[in-house]
Amino acid sequence: MIYEEQELKQGEYKLLRAQLMTDDEIRRVDYYLSRYKDGKEQLADRLTEWEEIHKAYKGERTDTADDATQQNPVAVNVILSQVEGQVSSLMNNNITGSYRGVGFSDQKFAKTAGIVGDFILHQNNAKGLAKDMARRYLQFGNAVLSVIWDKDSIDKFGLPRIETPKLGTVIIDDKIDDIAKDLQRADYIIHEVGSRSIQWAKDKYGDELADAITIGNNDPDFEYKDIDNDESFTYLRVWTKNNDKRNLQLIEMSLCGILLSESDANKPYYTNVFNRYPFFIAGLYKDEGDAYYFGDGKVLLPMQKIINKLYDEIILAVKFASQGRTYADPSSRLNPAEFAAADP
């Protein structure tokens, strides 16, 4: 595509956006897109630190070897053994729910609630979710759990779907002081759900909205490159209480600024959940000067680097000790320089 065709396509996109959305909708979408971009910028340094921890967890060197000509491997992976040991200990126990009624009249429904609750956990592969969450919790000190209602599951009957979003995909209102304890006080939470195809958008929101979406995805975290930008876009869910009645709303949009759906602000998006955000965050070690927590990975990373350096010294000592020695009788009058040039 030549430059002029790109300009023409972008002009068509702007026209479609103005046709499909009211001025208020455009301003609201742009507001949350700006909050999303600001949040990603604020997470940049944190994501760099988490990526270094994750590389060390995978057994990759995050420091420079003393011998720049050879990148020595990691001899002892401290972070992996510590994290997976704790995860394995956690997985020794069955993951089940505890169901009790709030009042006396609720007790007779506890058994039925237990059957339904355990069925939901089984359908969501609770052990797999617990492993994912535990690994992030131990490596980075933070782990996020999200619950959404999948109305199409079980032949349109519906089922709660439990997800474990990556830390860098959940943008939380920066006015709160503690992401684990103060989460429900936030004005908004933006979830970068990920890449979705245009066909998916057509099936869910109709051809008119899907055709207005500009193709392309946000750069993924942790250098994950296997994303097709030719037929997909980045899908965002904005959970907010920014309305007159402080009811939980869901705003679905594309990263290019097309509003896909917006729930009614006159009533909470979910009933019977006390108007709460469908997110749960666990924090390991609290940093008193930060809204986020830190984990074992941050504590163990310096130790991993020291072990890497010690391993470099061992390799260097072995190489030095394995070099051959030549001894000559002083009376032979051997010229060392000539000998070294002839037999280095």
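The figures that follow rest on heavy atoms only: side chains count, while hydrogens, waters and symmetry mates do not.
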task: Before giving the answer on side-chain contact (heavy atoms from CB on, under 4.5 Å), spell out for M253 and L33 the whole-Å C-alpha distance, their side-chain angles and the decisive distance to 0.1 Å.
output: CA-CA 9 Å; M253 66 175 72; L33 284 177; 4.0 Å; yes
- request: Any chance you could measure I306, atom CD1, to L300, atom CG, to the nearest 0.5 Å?
  value: 11.5 Å
statement: Smallest heavy-atom separation, H191 atom then V170 atom, equals CD2-CG2, 4.2 Å
query: Is the count of non-hydrogen atoms from other residues, nucleotides or ligands lying under 6.0 Å from E60 atom CD greater than 12?
result: yes
message: Using a 6.0 Å cut-off, check whether atom NZ of K175 has over 12 heavy atoms from anything other than its own residue.
response: yes
field: Derivation and outcome, side-chain contact (heavy atoms from CB on, under 4.5 Å), residues I281 and I172
entry: CA-CA 11 Å; I281 298 181; I172 303 170; 3.5 Å; yes
- prompt: Distance from R61 atom CZ to D312 atom CG, nearest 0.5 Å?
  reply: 4.5 Å
- request: Please step through side chain to side chain donor-acceptor pair (under 3.5 Å) for the pair E163 and S146, ending with a clear verdict.
  value: CA-CA 5 Å; E163 302 173 343; S146 176; 4.5 Å; no
- prompt: N247 and D264: side-chain contact (heavy atoms from CB on, under 4.5 Å), yes or no, with the steps?
  reply: CA-CA 9 Å; N247 285 328; D264 186 3; over 6 Å; no
message: I need the Y205 OH to L259 CG distance, nearest 0.5 Å.
response: 10.0 Å
message: Looking at N335, I'd like to know if its CG atom is crowded, meaning that more than 12 non-hydrogen atoms belonging to other residues, nucleotides or ligands lie closer than 6.0 Å.
response: yes
field: Q82 side chain to N77 backbone, donor-acceptor under 3.5 Å
entry: no
- request: Hey, could you give me the CD/CG distance between E252 and L236, rounded to the nearest 0.5 Å?
  value: 10.5 Å
task: Please examine the side chains of T240 and Y32, heavy atoms only from C-beta on, and report whether any two atoms are closer than 4.5 Å.
output: yes
query: Which side-chain hydrogen bond (donor to acceptor under 3.5 Å, both in side chains) pairs, counting each pair once, include a residue from residues 108-126, with sequence neighbours left out?
result: Y99-D118
query: Just how far is it from atom CG of L209 to atom CE of M21, taken to the nearest 0.5 Å?
result: 9.5 Å
message: So which atom in A134 and which in V87 form the shortest heavy-atom distance, rounded to 0.1 Å?
response: CB-CG2, 4.0 Å
task: Identify the two heavy atoms, one from Y270 and one from I148, that lie closest to each other, and give their separation to 0.1 Å.
output: OH-CA, 3.5 Å
- request: Kindly say whether R185 contributes a backbone atom to a donor-acceptor pair with the side chain of D182 at under 3.5 angstrom?
  value: no
message: Could you tell me if the side chain of L183 sits less than 4.5 Å from the side chain of I189, heavy atoms only?
response: yes
- request: Report the relative orientation of the aromatic rings in Y57 and H54; use parallel for angles under 30°, tilted for 30 to 60°, perpendicular for over 60°.
  value: parallel
message: With a 4.5 Å cut-off on side-chain heavy-atom distances among I, L, V, M, F, W and Y, is there a chain of contacts connecting L80 to M133?
response: no
field: Q42 and D38 side chains, donor-acceptor separation under 3.5 Å
entry: no
query: Does the ring of Y293 carry K298 above it, NZ/CZ under 6.0 angstrom from centre and within 45° of its axis?
result: no
- line: Correct closest heavy-atom pair for N242 and Q249 would be O-OE1, 4.4 Å
- prompt: Just wondering, more than 12 heavy atoms not from N272 lying within 6.0 Å of its CG?
  reply: no
field: Exceeds 12 heavy-atom contacts within 6.0 angstrom, atom CZ of R276
entry: no
field: Hphob cluster co-occupancy, L310 + L316, side-chain heavy atoms under 4.5 angstrom
entry: no
- prompt: Taking N275 for the side chain and R246 for the main chain, is one N or O donor matched with an acceptor at less than 3.5 Å?
  reply: yes
statement: Contacts of E52 meeting side chain to side chain donor-acceptor pair (under 3.5 Å) (sequence neighbours excluded), chain-then-number -> K305
query: For L250, does its backbone N or O pair with a side-chain atom of S263 as donor and acceptor, under 3.5 Å?
result: yes
- request: Treat each ILVMFWY residue as a node, draw an edge where side-chain heavy atoms are under 4.5 Å apart, and state whether L138 and L47 are in one component.
  value: yes
Plane angle bin for W200 and F233 - parallel if under 30°, tilted between 30 and 60°, otherwise perpendicular: tilted
- line: Across all chains, not counting sequence neighbours, the side chain to side chain donor-acceptor pair (under 3.5 Å) partners of D45 are none
message: Treating D24 as the side-chain partner and T22 as the backbone partner, does any N or O pair qualify as donor plus acceptor under 3.5 Å?
response: no
message: I'd like to know if the side chain of R46 and the backbone of G168 have a donor-acceptor N/O pair within less than 3.5 Å.
response: no
W149: ring pair (Phe, Tyr, Trp, His ring centres under 6.0 Å) partners, not counting sequence neighbours: none
message: Looking at every non-hydrogen atom in both residues, tell me the closest pair between K286 and D177 and how far apart they are.
response: NZ-O, 4.2 Å
message: I'd like to know if I162 and W239 are part of one continuous hydrophobic network [Ile/Leu/Val/Met/Phe/Trp/Tyr, side-chain heavy atoms within less than 4.5 Å].
response: no
Shortest non-hydrogen contact from M91 toward K127: O-NZ, 3.1 Å
query: Can I251 be reached from V193 by stepping across I, L, V, M, F, W or Y side chains whose heavy atoms are under 4.5 Å apart?
result: yes
message: Using a 3.5 Å distance criterion without hydrogens, assess whether the side chain of R17 forms a donor-acceptor pair with backbone atoms of G257.
response: yes
query: Does the gap between the ring centers of W50 and F294 come in under 6.0 Å?
result: no
query: Cation over ring, R35 on Y31, under 6.0 Å and within 45°?
result: yes
query: Should side-chain heavy atoms under 4.5 Å link Ile, Leu, Val, Met, Phe, Trp and Tyr, which residues sit in the same cluster as I154?
result: V116, F119, I120, F157, L159
query: If you measure from CG on L284 to CG on D296, what distance do you get to the nearest 0.5 Å?
result: 5.5 Å
- request: Could you list the residues that satisfy ring pair (Phe, Tyr, Trp, His ring centres under 6.0 Å) with Y292, not counting sequence neighbours?
  value: none
